[in-house]
Amino acid sequence: MAEILNEGNIWHLRNEWISYALMELPGGVLAHLYAGPRLQRLNPVGLMRRHGVDAEAFTVQECALDRLPQEYPSFGLGDMREGALTVEAPDGSCAVDLRLVCAEILDAKPALEGLPATRGEGCAAARFHLRDAHTGLEVELNYAVYDDCAALVRSARLVNRGEAPLVVERAYSLCLDLPDADWDLITLSGSWARERAVHRRPLVAGFQGVSTQRGASSLQTSPFMALARHEATEASGDVLGMALIYSGNFIARAEAVCTGGTRLLMGLNDRDFAWRLEPGEAFTTPEAALVVSTAGVGGMSRAFHTLWENHLLPKRWMGAERPVLLNSWEAAYFDFDEDKLLAIAEATADAGAKLFVMDDGWFGHRDDDTTSLGDWQTDLRKLPSGLKALGERVRALGIGFGIWMEPEMVSPDSDLYRAHPDWCLHIPGREGITARHQLVLDLGREDVQEFVYTAVADTLKESGAAYLKWDMNRNFSNIGSAALPANRQKETAHRYILGLYAVLGRLTADFPDVLFEGCSSGGGRFDAGMFYYVPQFWCSDDTDALMRCEIQYGTTLVFPPSTMGCHVSAVPNHQTSRVIPMATRFAVALGGSFGYELDPRRLTDEEREAMRGQIVFANATQQLRLYGAFYRLRSPFEGNDTAWMSVSPERDEALFTYVRNRAVPNVLPPLVKLRGLDALRRYRVVETGEVYGGDELMTVGLSCPVPSLGSGDAWSVMYTLKGEDEA
Ligand code: GLA
């Protein structure tokens, strides 16, 4: 159970796995005492001495803040490191001196105004009130620690209690001061079709980290970073993971400082950001999550997975069936009409899938990507019977109908743009820069939010869709809003994300049974902010199974399999031209929310038969694959193979997948040590009938059959393990 202990000037937030402690120093300075594995008792003097601070004799003079571990450090009063908070006062100065006013242990975790955040059940929550006497700025630091995972969440709320406007120039969500720098930094970076590759390197003196100023959490990186002890592996050792529940510009940085310590900061990126706070107004930062693992990078991931699954992802979809779907994009691109779609839908139903998704190209006069975003009227040239009739005809086949939209965008060639040129992000007098021939709607505006809500709601109602793919295919440029005065222009990008959340919040509340899948040129906004609204996200436009091994491996560092949209596509693959056996394409797509991205009519009879069997298997293993405990076993970033497994909560069932990239002749069979099983139990490998002890599978390993000569590249094997009681 999570609990918050308060003794004098010490607050200790903890649960079964983690402890997090704060301390008030003389003068009301709020120091950070400890974050890590659970401690039974704390010695504040010793914990502070790690940083070279004498807790009892502390004063802020002589730049003593420069080595003090602080909960929410600011700029300009003696701490020379980067801080978490910068606020400009009416006199033009930027120093803030926060002192603790009081602390409260809360009965319930409050929701965050306008922002996604972990929900309030099953946690202990506390709030610390700090104040800067010079400006009247108040800062509330909010914390919660959960009962069921090694995770703590925190956020800050700034209130202007002064008499003059203040300008918030930086307000991060998390600061963590550690007494050493003997860590590796792990981040995720990539690009289109290569999202979330794992990067691990030792911390070096100075700054390092990741950030984005693209307007979205981005294809290029993720709002996540972790510190792992140099010796920590996938399965053992100390790791601290941090993730931001936010979908826009963020920054995550580590500063290894000259005294030997490390400061970690995470929050809204302050590039092109400033927020004006009139007297009485408040500003809330996104929430950041901190997880602590003593079981390596894998332990960190499972703590994140539990946190998101139990406290963030939409409850309606947790543990619920995800329909096996077929998406029309790679089957038809823009080239379709009603007959073609219905023929594909019929073949989809015939194979046993549950949902047919019509992707881009159904509205305006969109024969390619140069036009019509914003004109969400059905293109009657392609679909003469209309959207309603199409939805009905698909449902008449016994399957659900799903639809694609890109609601946040407008094509310059559209009626919407011609009617409202000022509805897009733009800077008056400057040429608008298009990307994929489109401009970005200014979602910070209420009239634009209303338009987007209505366009999506009307489409869902007319089509009767059970599923919506919400796409977003370009990053921001020309960042400016016609709805804001000059001194609020730097609020544009954050207001956009708040507007996006407002619209998604309304739509998901009004259409609770519609399955929303996020997409952003693949996985370009794959973040915990989006996962408050959508239970799954298209993981990548790259459907090549070998590339997917890497992309899905990196993604699971932070997010559980249920969040990843993963489809079997045609060969040669449309992104890489590689030809990969169908069995391997299937095994890899089973790593997430499963579907197809191909024209089933072009499959051979044999492949169509295989597809039927695949769908039966996907359904039968869905609970285990999507919601079981997830273990990465082999990293594609370290060798010629990838392996992973999912284990049921009772540890009586597991699904193991192994993929070898390149065929290598004349080598011993792959031997993979399994994890997460019951050491004392016997397991039968269903596919071979072989029986092993759990301890043998975890200490010796499971040897996979040697691929016969000529089995080729991208060979895979999948095993179902069933626990057996001793006779
Ligand atoms: C993006 C998506 C694709 C597809 C196209 C349609 O690239 O990631 O899956 O929906 O848009 O234009």
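All ligand and atom numbering here is 1-based and tracks the order in the structure. Residues take their numbers from the sequence shown, with the count starting at 1. As a basis for the values below, the full set of heavy atoms in this structure was taken, side chains included, without hydrogen atoms, waters or symmetry mates.
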Note every protein N or O atom lying under 3.5 Å from an N or O atom of ligand 1, pairing the names and giving the distance.
residue  : atom   : partner : partner atom : Å
ligand 1 : 7 (O)  : Asp541  : OD2          : 3.0
ligand 1 : 8 (O)  : Gly522  : N            : 3.0
ligand 1 : 8 (O)  : Asp541  : OD1          : 2.5
ligand 1 : 8 (O)  : Asp541  : OD2          : 3.1
ligand 1 : 9 (O)  : Lys469  : NZ           : 2.8
ligand 1 : 9 (O)  : Asp541  : OD1          : 3.3
ligand 1 : 10 (O) : Asp359  : OD1          : 2.7
ligand 1 : 10 (O) : Asp359  : OD2          : 3.3
ligand 1 : 10 (O) : Trp404  : NE1          : 3.0
ligand 1 : 10 (O) : Lys469  : NZ           : 3.1
ligand 1 : 10 (O) : Asp471  : OD2          : 3.4
ligand 1 : 11 (O) : Asp471  : OD2          : 3.0
ligand 1 : 11 (O) : Asn473  : ND2          : 3.2
ligand 1 : 12 (O) : Asp360  : OD2          : 2.6
ligand 1 : 12 (O) : Arg436  : NH1          : 3.0
ligand 1 : 12 (O) : Arg436  : NH2          : 2.9

Quiz prompt | ring-ring contact (aromatic ring centres under 6.0 Å, His included) partners for Trp423, two or more places apart | solution = His420, Phe451
Quiz: residues 396-406 side-chain donor-acceptor pairs under 3.5 angstrom, not counting sequence neighbours:
residue : atom : partner : partner atom : Å
Trp404  : NE1  : Asp471  : OD2          : 2.9
Glu406  : OE1  : Asn473  : ND2          : 3.3
Glu406  : OE2  : Gln438  : NE2          : 2.7
Glu406  : OE2  : Asn473  : N            : 2.6

Quiz item: Tell me the ring pair (Phe, Tyr, Trp, His ring centres under 6.0 Å) pairs involving residues 573-615, sequence neighbours left out?
Solution: Tyr333-His574, Phe586-Phe594, Phe594-Tyr596
Quiz item: Hey, does Glu392 have a side-chain heavy atom less than 4.5 Å from the side chain of Leu387?
Solution: no
Self-check item: Shortest non-hydrogen contact from Ala545 toward Val588
Solution: O-CG1, 3.7 Å
Quiz item: Would Arg548 and Glu195 satisfy salt bridge (Lys or Arg N to Asp or Glu O under 4.0 Å), going step by step from the backbone distance to the final call?
Solution: CA-CA 9 Å; Arg548 275 298 186 118; Glu195 294 92 332; over 6 Å; no
